[in-house]
Amino acid sequence: MSLAVAAPPSPPDTSSEFTPLLRDVKGQGLLDRRTGWYVRVIAGNALALAAVVAGVALIGASWWVLALAPVLAVLGARTAFIGHDAGHSQITANRSVSRAIGLVHGNLLLGMSYSWWNQKHNRHHANPNHIDKDPDVAADVLVFTSGQAATRTGFRGWLTRHQAWLFFPLTLLEGLALKVSGFQDLRRQSGRERLVEGTLLVAHVAGYVTLLLTLMPLGHALAFAALHQALFGLHLGMAFAPNHKGMEMPDPDGDKWGHLRRQVLTSRNIKGGPLTDWFLGGLNYQIEHHLFPSMPRPHLRLAQPMVKAHCRELGVPFTETGLIDSYRQALRHMYEVGEPLRADI
């Protein structure tokens, strides 16, 4: 069951609501880097990836090799979470080191452009769920407002009518879509950035194809790649879908919310234990992450009681629900957005 309640009117000045919370969080050392923790996570992930490659080399001639594709997909999501944290300077305050970590985990290991993801994701963080400013709610394959839905015709109209049912099937293509977006973004990048990013993206594709074709027969390789990429996209979709879909969307004509309300009212936390934290890469603490983007992942759960108490004092709704219910809420929102198009049939 969701803990969300109707949002009260904002006070005339919300700019200072965040200041006491920031002071308390800093006082507890929760914004301090956890370099040792991240070193262990990065090393453990690298060893696990190496173990999967070794396993593929050992059993590549057998169809049993497909059993390793889901494992590689899960490890790919872990890799993406590390790149995400690097982009937010959670691992280190050194921008060059953060970029190097992001390039290795994004471009080289996943074939996903770190620069593209970072600039897009930072725009999302600055204005979450803002229809004119957040690229994550821009009209594309899916739409998130009735205004966006009203303009959809033809095949796009059919997609909108059925988008709630199509959401998870479409995430099976997300792994490939991220790669394509990265290559397309090279046109935007400057010369040196384009050279580095492009070289690493090409290296990933060449290395991935070479690895599969040298370690297993062609049929096995095609099946392995299809299963791996589909499950990787599904995993990322399951991690990111619950965070904002169906939450408040600021009025594009006049957002008067301060930082705290902008981040809290548009975000949803997911309840659960260590397994949920691991599966969602800490993104289940979405409210804390949006309030403090540079906060190291292991500190997010420690900050949650302070954030909840502060929101309670201010009368600001703090939305928290279970994993399954979060998907239900997100899908219900997408279903309701497509309702007018279904009514016109």
Side-chain angles (χ1 to χ4, degrees), residues 3 14-46 77-102 104-105 114 117-118 121-122 124-126 128 239-240 242-244 257-320:
L3 300 182
T14 60
S15 60
S16 62
E17 291 182 325
F18 180 62
T19 304
L21 178 61
L22 176 61
R23 182 176 58 246
D24 292 344
V25 165
K26 282 185 175 180
Q28 294 294 322
L30 296 180
L31 293 180
D32 296 346
R33 299 310 190 288
R34 288 286 300 274
T35 305
W37 186 88
Y38 274 108
V39 167
R40 292 192 295 273
V41 168
I42 291 172
N45 188 67
R78 309 301 105 201
T79 302
F81 294 148
I82 293 171
H84 167 270
D85 293 359
H88 283 297
S89 300
Q90 294 178 18
I91 302 174
T92 173
N94 187 308
R95 295 183 62 180
S96 297
V97 175
S98 293
R99 183 168 184 265
I101 294 172
V104 169
H105 288 81
Y114 173 72
W117 167 260
N118 219 28
H121 195 58
N122 286 338
H124 157 71
H125 265 264
F240 285 94
N243 300 338
H244 303 281
W257 294 343
H259 175 70
L260 184 135
R261 290 174 186 257
R262 184 184 303 116
Q263 305 302 339
V264 174
L265 295 177
T266 60
S267 302
R268 177 191 293 114
N269 272 18
I270 310 302
K271 295 184 292 187
L275 182 59
T276 303
D277 293 358
W278 176 83
F279 181 72
L280 298 180
L283 297 177
N284 48 312
Y285 300 103
Q286 189 67 195
I287 293 174
E288 290 74 26
H289 171 56
H290 262 258
L291 286 172
F292 308 101
S294 65
M295 180 179 288
R297 195 192 314 172
H299 287 173
L300 293 171
R301 65 179 181 84
L302 301 178
Q304 185 184 61
M306 301 172 64
V307 174
K308 291 177 72 172
H310 187 67
C311 289
R312 191 182 308 116
E313 291 176 4
L314 294 172
V316 176
F318 183 102
T319 302
E320 186 178 34

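All heavy atoms count here, side chains included; hydrogens, waters and symmetry mates do not.
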Any chance you could measure His299, atom NE2, to Gln28, atom CD, to the nearest 0.5 Å?
-> 11.0 Å
Answer whether the closest heavy-atom distance between the side chains of Tyr285 and Arg301 falls below 4.5 Å.
-> yes
Does the ring centre of Phe279 sit less than 6.0 Å away from the ring centre of Phe81?
-> no
Within the side chain of Asn45, is there an N or O that forms a donor-acceptor pair under 3.5 Å with the backbone of Val41?
-> no
CG/Leu300 to CG/Leu30 distance, rounded to the nearest 0.5 angstrom?
-> 9.0 Å
Nearest-0.5 Å distance that lies between atom CD in Glu320 and atom CG in Asn284 = 9.5 Å
Test item: Gln263 side-chain N/O and Ile287 main-chain N/O as donor-acceptor pair under 3.5 Å | no
Have a look at His290 and tell me which of His88, His124, His259 forms a ring pair (Phe, Tyr, Trp, His ring centres under 6.0 Å) with it.
-> His124
Give the minimum heavy-atom separation between Leu283 and His289, together with the two atoms involved.
-> CD2-CD2, 4.3 Å
All heavy atoms of Leu280 vs all of Ala239, minimum pair found to be CD2-CA, 3.6 Å
Gap separating the CG atom of Asp85 from the CE atom of Met295, nearest 0.5 angstrom = 12.5 Å
Gap between atom OG of Ser16 and atom CG of Leu260 - 0.5 Å precision | 10.5 Å
Could you tell me whether a side-chain N or O of Arg33 sits under 3.5 Å from a main-chain N or O of Ser89, the two making a donor and an acceptor?
-> yes
Ile101 backbone acceptor or donor facing His105 side chain under 3.5 Å = yes
On a heavy-atom basis, the closest approach of Gly87 and Tyr114 is CA-OH, 3.4 Å
With sequence neighbours left out, the residues meeting side-chain hydrogen bond (donor to acceptor under 3.5 Å, both in side chains) with Arg78 are His235
Look only at the side chain of Ser98 and the backbone of Thr92, and say whether a donor-acceptor pair between them is shorter than 3.5 Å.
-> yes
Roughly how far apart are Ile42 CD1 and Ile91 CD1, rounded to 0.5 Å?
-> 4.5 Å
Side chains of His310 and Asp24: closer than 4.5 Å at any heavy-atom pair?
-> no
Please indicate whether Arg34 has more than 12 foreign heavy atoms, meaning atoms of other residues, nucleotides or ligands, lying under 6.0 Å from its CZ.
-> yes
Closest heavy-atom pair and its distance - Pro317, Val264 | O-CG1, 3.3 Å
Is there a donor-acceptor pair closer than 3.5 Å between any side-chain N or O of Arg262 and the backbone N or O of Trp257?
-> yes
Hey, is the main chain of Gln286 close enough, under 3.5 Å, to the side chain of Asn269 for a donor-acceptor pair?
-> yes
Aromatic plane relationship, Phe240 with His121 - under 30° parallel, 30 to 60° tilted, over 60° perpendicular = perpendicular
Look only at the side chain of Tyr38 and the backbone of Arg297, and say whether a donor-acceptor pair between them is shorter than 3.5 Å.
-> yes
Minimum heavy-atom distance between Pro242 and Ile270, given as atom pair plus value | CB-CD1, 3.6 Å
